Amino acid sequence: MDKQEFLINIENLTLSYENMTVIKDMDFRVTGGDYLCIVGENGSGKSTLVKALLSLKKPVGGTITFGGGLKQNEIGYLPQQTGAQQDFPASVYEVVISGCLNSRGIRPFYSDRERKMTAENMERLGITHLRKRSYRELSGGQQQRVLLARALCATKKLLLLDEPVSGLDPMVTAEMYELIADINRSGVTVIMVTHDISAAMKYASHILCLRQDTWFFGTPGEFLADSSSDFMKGGENNG
Amino acid sequence: MGDIISAFFSTPILFRALIVGILVSLCAALLGVSLVLKRYSMIGDGLSHVGFGALAIAAVMNWAPMVVAVPVVIAAAFLLLRISSSSKIKGDSAIALISTGALAIGVMAVSLSGMNSDLDSYLFGSIYAISDEDVVISVALALLVLVLFVFFYTKIFAITFDESFARATGTKVGTYNMLIALLTALTIVIGMRMMGSMLISSLIIFPALCSMRVFKSFRAVTICSAVISVVTFISGMVISYEFGTPGGASIVCVNIAVFAVFSAVGAVLRRNRA
């Protein structure tokens with residue numbers, strides 16, 4: 001397993017949120033092509049971990065190392081829906097192409113290469129026909145596709161999705177999961193934060209489950225077999 | 001109409017006001033789109049009050065007005081930005097505190113020095129306040145603002161639309177927020193003497209809000225704001241010349257009318273689409 005090149009290697013990671021330790025001595029490794037789901041109750045440190053992966057939060061201890069040519073600013077990030085963008089005048093094209101900014105440096109305008117990449121990613125997610133539509137007029141599912149296309153413009157290797165299906169209806173949710181699985185099959189590594197254990201079990205190659213004082217990392221099969229997996233047994237009442 | 005045009009070009013005071021005004025309107029409108037969308041429009045208002053305080057004290061102490069106001073307002077801009085981005089302090093009340101405080105200090109300074117007649121022109125603006133020297137500084141600053149805005153346009157869009165994504169993909173959000181605050185501070189200082197510190201923030205807010213009623217892309221909103229801003233400025237100046245009304249207030253009144261028209265057009269468009 002060590003022979004395969006890792007994208008992210010986490011060693012002895014300790015993270016705190018407002019002076020409270022939320023994650024302690026965590027180790028895990030993400031390799032190319034993985035589909036990792038991060039699950040756990042509210043307050044278990046999922047958001048803090050996401051921030052640390054994006055280098056927006058300094059670990060209290062331990063290290064996060066990027067490998068396989070992955071640069072720190074090349075993570076295709078899909079943020080949680082904030083509502084802040086809900087009334088924003090922006091065309092779909094403007095939103096998607098803004099994903100290319102991380103490779104631009106100081107240069108002020110987009111190049112042909114970036115326009116081409118934008119067009120390709122819009123085609124891939126089936127939103128080319130929405131190109132000139134306003135982002136704020138789209139349905140929730142369409143908006144998520146737009147943000148996913150933007151995330152793909154920012155990366156070739158790794159997507160980090162923070163609750164990508166929250167607020168979507170069941171049919172659109174299923175479509176979204178298939179889309180993400182497709183992208184994963186094409187070779188892009190996926191890390192997804194989710195509350196949806198059944199989706200995690202169905203799609204993920206690995207599961208990272210965060211609990212109050214401990215954590216679990218392994219394949220879905222191992223997760224199921226893990227006797228301390230209260231999260232699965234306890235279900236809703238546990239939260 | 002011909003009379004008015006020739007008057008504007010043959011009267012140095014009017015001509016100066018026209019040049020400075022058009023440039024300031026452009027800067028204000030461009031920045032305004034981002035400020036309104038980032039919910040920072042109150043910062044513009046706060047800065048204009050701080051600018052009033054700085055100008056009043058400069059006048060009383062007999063210092064060069066721009067030399068005092070520019071650094072003070074820039075410092076205030078950074079402070080206000082910090083306050084609004086920190087969740088621990090209530091941003092809106094802190095801004096109100098600073099702006100009314102600066103206003104009060106300015107009024108005290110002016111009245112203690114017995115220059116009450118100038119108070120009106122500070123508060124509501126005067127095209128006669130613009131000297132030749134001011135024109136040079138104003139044009140230089142305004143061009144700087146325009147060039148920086150165009151150069152950083154794509155980044156300004158990214159951090160306005162989605163700060164967390166921009167931050168995650170390595171854009172220095174804090175730096176660009178400071179750039180926006182800096183450009184806003186410059187625009188307000190340049191525009192304040194003509195528009196008056198009570199009214200300058202309308203140049204920032206009105207055009208952006210008008211265009212957002214009708215247009216759907218960031219670029220269209222930005223361009224439309226620039227056009228609205230220049231057109232309302234010139235119309236306001238013409239009205240002010242014809243009827244002897246104060247320039248700043250005339251411009252704001254034209255903006256109110258434009259806002260009503262754009263709201264109506266927006267409502268009709270939305271209904272047709274639905």
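Numbers restart at 1 for each chain; the letters A, B, ... are given by sequence-line order, proteins then strands. Just so we're clear, the structure is a prediction, and the values are computed from it rather than from any experiment. No hydrogens, no waters, no symmetry mates; every other heavy atom, side chains included, goes into these values.
Heavy-atom pairs under 4.5 Å with chain A were tallied for Ala168(B), Ala166(B), Ala220(B); the largest tally goes to Ala168(B). Of all the listed residues (Arg133(A), Lys51(A), Glu137(A), Lys132(A)), the one sharing the greatest number of non-hydrogen pairs under 4.5 Å with chain B is Glu137(A).
Taking non-hydrogen atoms and a 4.5 Å limit, the residue list of residues 143-159 of chain B in contact with chain A, ordered by number, reads Val150(B), Phe151(B), Phe152(B), Tyr153(B), Thr154(B), Lys155(B), Phe157(B), Ala158(B). Of residues 90-101 of chain A, those residues with a non-hydrogen atom less than 4.5 Å from any non-hydrogen atom of chain B are, in numerical order, Ala90(A), Ser91(A), Glu94(A), Val95(A), Ser98(A), Gly99(A), Leu101(A). Using a 4.5 Å heavy-atom cut-off against chain B, no residue of residues 176-185 of chain A qualifies as contacting.
Expressed to the nearest 0.5 Å, how far OG1 of Thr171(B) lies from CG of Asn73(A) amounts to 8.5 Å. Atom CZ of Phe88(A) and atom CE of Met212(B) lie 8.0 Å apart (nearest 0.5 Å).
The number of heavy-atom neighbours closer than 6.0 Å to CZ of Phe78(B), taken from other residues, nucleotides and ligands shown, is above 12.
Annotation: salt bridge (Lys or Arg N to Asp or Glu O under 4.0 Å) contacts involving residues 68-78 of chain A, sequence neighbours excluded, comprise Lys71(A)-Glu74(A).
The aromatic rings of Tyr77(A) and Phe165(B) sit parallel, their planes meeting at an angle under 30°, below the 60° perpendicular limit.
Within the 4.5 angstrom heavy-atom criterion, no atom of Ser211(B) approaches chain A.
A pairwise comparison of heavy atoms in Ile75(A) and Thr169(B) identifies O-CG2, 3.8 Å as the closest pair.
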Could you walk me through whether Leu54(A) and Arg167(B) pass the side chain to side chain contact (heavy atoms under 4.5 Å, CB included) test, one step at a time?
-> CA-CA 9 Å; Leu54(A) 294 169; Arg167(B) 213 184 285 275; over 6 Å; no
